[in-house]
Structures are given as C-alpha cells and as structure tokens.
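Report on the structure given below.
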Amino acid sequence: MRIRKLTLALAIMALGFCGCKSSQKAAESKNSPLVGTQWQLESISNQLVADDSFASQPYIIFNEDGTFAGNLGCNSFFGNYYQKKQKMTVDFSGATKKLCTAMNTEKAFLKGLKAGINHFEISGNTLILYADKEEIFRFKDNGKFLEE
C-alpha cells in the first residue's frame, strides 16, 4: 500500500515538473508583436551596427494606425507602412536633419528604409525586414512596449 502511494506521489511530481518545463519553453518561443514593440537595430544588410557613439540607440516602432517612427542614432524618422500577414511595404516620409558627429549608420539606415522592403519575419524577439530575398534590417526586441 505504501509503495503505491509513493509511486503515485512520484508520478504526480514528475508530471508537474514536465508541465513546468513545457510552459517555460512555450513562453520562450513566443514571438514579440510587430506593433507596439521598440525594435532595436542590430544589423543592416547583414553588417552588424558599429557603435557610432550614438546619442540614442537606433530603433523603430510600428504603430497600429499604419505609421512607424524611430531614431537613427541622432535624428528621428517617420513614415507609413502597410502590412498583410508577412507582406509589408514601407513608405519613408522624412527625418530630422541634425548634424551629428558620426553619420555612417544613419545614412545606411535611411538607405535601407528606401530599399523596397516587401516582407518581414519575426522569430522570438528578432524582427527581420527583407527586400525580396535580401535581408535589409535585423532588429531585437529591447523589451520596451508602447503604453496602451
């Protein structure tokens, strides 16, 4: 009788531990949302973004109303985007024009925004924007979300 109770208790504990690990894996594999996430720039055309002594870390945010905005490192930018499932078009509208000490990343970022982005992929906390099969941008979710 005691062996049965002990076996049953061990089986319940084992199932509990398995359930916890499954929940943890599911939480880790959940994709960050495109809209409302502050996406921090990681690379442009597969080239890691060098530290240009940014005044602000370059990022982009896609809003529910079809607009986007962000920071190039010194200057701010904005525009509109259209998204349906994984398809996307980006219409760059403009940017501020402050003169900054290091502008290489800003110039490359602006060029990429005008490159004909037509689809995206989100895997976990990584966002990749493509023009046809070419990777234009890679961003990481930096954990900052817009207030609702």
Can you tell me how far [atom2] of [Y] sits from [atom1] of [X], rounded to the nearest 0.5 angstrom?
X      : Y      : atom1 : atom2 : value
Phe139 : Ile128 : CZ    : CD1   : 11.0 Å
Arg138 : Ser123 : CZ    : OG    : 9.0 Å
Thr126 : Asn31  : OG1   : CG    : 9.5 Å
Trp39  : Lys140 : CH2   : NZ    : 9.0 Å
Ile61  : Leu34  : CD1   : CG    : 11.5 Å
Lys114 : Asp91  : NZ    : CG    : 12.5 Å

Would you say the side chain of [Y] lies within less than 4.5 Å of the side chain of [X], judging by non-hydrogen atoms?
X      : Y      : value
Asp132 : Asn118 : yes
Ser76  : Asn71  : yes
Ile44  : Phe137 : yes
Val90  : Phe120 : no
Val49  : Phe109 : no
Gln83  : Phe62  : no

In sequence, state the C-alpha distance, the side-chain angles, and the governing distance for Phe78 and Thr67, and then conclude on side chain to side chain contact (heavy atoms under 4.5 Å, CB included). CA-CA 7 Å; Phe78 54 94; Thr67 61; over 6 Å; no
Counting N and O atoms only, with roles assigned by atom type, does the side chain of Gln40 sit under 3.5 Å from a partner on the main chain of Gln57, one being a donor and the other an acceptor? no
Which heavy atom of [X] sits nearest a heavy atom of [Y], and at what distance?
X      : Y      : result
Pro33  : Ile122 : C-CD1, 4.3 Å
Ile136 : Ala131 : CG1-N, 3.7 Å
Lys98  : Cys74  : NZ-O, 3.5 Å
Ser45  : Glu134 : OG-OE2, 3.9 Å

Step by step, work out the side chain to side chain contact (heavy atoms under 4.5 Å, CB included) result for Asp141 and Leu127. CA-CA 8 Å; Asp141 170 0; Leu127 168 66; over 6 Å; no
Single hit among Leu72, Asn75, Thr105 for side chain to side chain contact (heavy atoms under 4.5 Å, CB included) with Leu110: Leu72
Quickly, which of Gln86, Glu121, Glu135, His119 forms a side-chain hydrogen bond (donor to acceptor under 3.5 Å, both in side chains) with Tyr130? Name it, please. Glu121
